[in-house]
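To start, the structure itself, in structure tokens.
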Amino acid sequence: MTGSPPRFPQGFAHHPLYFAPGEQAALTDAVVEGLMQAPLYQPTMPRTGAPLSVLMSNFGPLGWVTDRDGGYRYQPDHPVTGAAWPALPDTLLQLWHDVTDWPDPPEACLINWYREGSKMGAHVDRDEHDLRAPVVSVSLGDDAMFRMGGRARGGPTTGLRLHSGDVVVMAGEARQCHHGVSRIYAGTSALLPESAFPGGGRVNLTMRVVGAPG
DNA sequence: AAGTAGCT
DNA sequence: ATTG
């Protein structure tokens with residue numbers, strides 16, 4: 001017996017190897033440069049202060065941050081250094097233009113560094129003003145198991161293994177669906193430089209339109 | 001609940 | 001499903 005093929009929500013798109021290896025290296029260089037200005041920090045959960053297993057930073061006029069006291073939010077400055085986030089690299093703005101038809105540019109690009117054992121629990125991106133604006137993400141480095149669910153929390157999910165250079169777009173129905181990362185396949189890529197990312201791992205870049213304050 | 005546990 |  002063969003099972004049903006994976007079913008993804010309307011509006012979900014996967015572009016395998018959108019970026020060739022040389023382009024991935026150039027984008028990685030841009031990320032490393034940005035991290036010199038806005039270093040990775042350890043985010044924590046609202047109220048409990050439980051640490052997330054990924055380290056984060058941002059590009060763009062706004063960055064998504066979380067900590068115990070302030071909760072989930074977008075803000076223009078780094079929560080540790082207080083400095084403005086670095087500008088969005090042109091390559092990412094071009095990507096947004098090429099894979100979406102949204103009229104406005106992204107205001108935020110969250111940088112998530114996953115190490116071996118890092119996970120991202122199922123969630124919906126809902127801190128943006130207009131949830132019709134698409135979300136675009138880029139994978140760099142080690143493979144990851146991405147899980148896509150539905151609008152209801154705790155429902156069935158479909159797994160998709162993402163590779164370095166892949167681009168995922170969540171628009172339409174998919175924009176409001178739960179998604180997360182259940183595992184990292186350590187050592188499957190040598191893209192990330194040891195100097196900036198000790199132990200390697202995976203970097204995910206996620207662009208969003210934030211909209212009116214909130 | 002962007003946490004973990006635990007099941008399919 | 002669960003607490004704070």
Side-chain angles (χ1 to χ4, degrees), chain A residues 1-9 11-12 31 35 38-60 62-75 78-80 85 106-131 133-162 166 168-171 173-184 197 201-211 214:
Chain A
M1 284 294 281
T2 63
S4 322
R7 185 177 302 134
F8 292 95
F12 178 87
V31 171
L35 291 178
L40 292 161
Y41 78 99
Q42 181 168 62
T44 55
M45 296 288 290
R47 296 185 289 282
T48 65
L52 279 70
S53 60
V54 297
L55 297 186
M56 296 182 167
S57 187
N58 289 272
F59 287 134
L62 290 172
W64 188 88
V65 299
T66 175
D67 53 38
R68 186 191 53 186
D69 297 331
Y72 302 154
R73 64 199 188 275
Y74 283 95
Q75 65 180 41
H78 192 288
V80 177
W85 304 107
E107 297 162 281
C109 177
L110 178 61
I111 304 168
N112 285 161
W113 180 36
Y114 294 80
R115 291 166 288 184
E116 185 170 14
S118 293
K119 296 172 185 173
M120 183 65 75
H123 67 280
V124 178
D125 297 18
R126 46 177 42 135
D127 299 311
E128 302 77 32
H129 183 252
D130 189 346
L131 268 43
V135 167
V136 175
S137 91
V138 183
S139 296
L140 295 171
D142 285 340
D143 292 359
M145 182 54 65
F146 177 81
R147 301 216 63 97
M148 190 81 217
R151 294 182 64 153
R153 194 168 189 270
T157 63
T158 303
L160 175 65
R161 185 162 170 157
L162 295 178
D166 289 6
V168 165
V169 180
M170 287 182 286
E173 177 81 6
R175 177 65 178 77
Q176 300 181 66
C177 290
H178 286 77
H179 57 277
V181 172
S182 58
R183 74 161 287 191
I184 296 297
F197 304 99
R202 169 179 187 256
V203 165
N204 189 67
L205 308 170
T206 306
M207 287 181 281
R208 306 187 186 98
V209 175
V210 179

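Keep in mind that the numbers below use all heavy atoms, side chains included, and drop hydrogens, waters and symmetry copies. Lettering follows sequence order; numbering is per chain, from 1.
- Look at CE on A:Met120: it is 11 Å from C1' on B:dG3, rounded to the nearest Å.
- Rounding to whole angstrom units, NE2 of residue A:His179 and P of B:dA1 are separated by 15 Å.
- Atom CZ of A:Phe146 is separated from atom P of B:dA2 by 14 Å (rounded to the nearest Å).
- For residues 63-72 of chain A, the pairs satisfying side chain to side chain donor-acceptor pair (under 3.5 Å) are A:Trp64-A:Asp127, A:Asp67-A:Arg73, with sequence neighbours left out.
- Tested against A:Met56, the residues A:Val65, A:Ile111, A:Leu110 include a single side chain to side chain contact (heavy atoms under 4.5 Å, CB included) partner, A:Leu110.
- Residues satisfying the ring-ring contact (aromatic ring centres under 6.0 Å, His included) test with A:Phe197, not counting sequence neighbours, are A:Trp113.
- In this entry the distance linking CZ of A:Arg153 with C1' of C:dA1 reads 8 Å, nearest Å.
- By the 5.5 angstrom centroid cut-off and the 30-degree plane limit, A:Trp64 is classified as stacked against the base of B:dA2.
- Across all strands shown, A:Arg147 has no heavy atoms under 4.0 Å from either base or sugar-phosphate atoms.
- Taking the side chain of A:Arg47 as heavy atoms from C-beta on, and the options C:dG4, B:dA2, B:dA1, the nearest nucleotide is C:dG4.
- A:Met45 has its CE atom 14 Å from the C1' atom of B:dA5, to the nearest Å.
- In this entry the distance linking CE of A:Met56 with P of B:dA2 reads 11 Å, nearest Å.
- Rounded to whole angstrom, the span from the OH atom of A:Tyr72 across to the P atom of B:dG3 amounts to 7 Å.
- In this structure, CD of A:Gln42 is placed 17 Å from P of B:dA2, rounded to the nearest angstrom.
- For A:His123 and A:His179, the gap between ring centers is short of 6.0 Å.
- In the interface, the side chain of A:Arg208 is paired with the base of B:dA2 through a donor and an acceptor atom under 3.5 Å apart.
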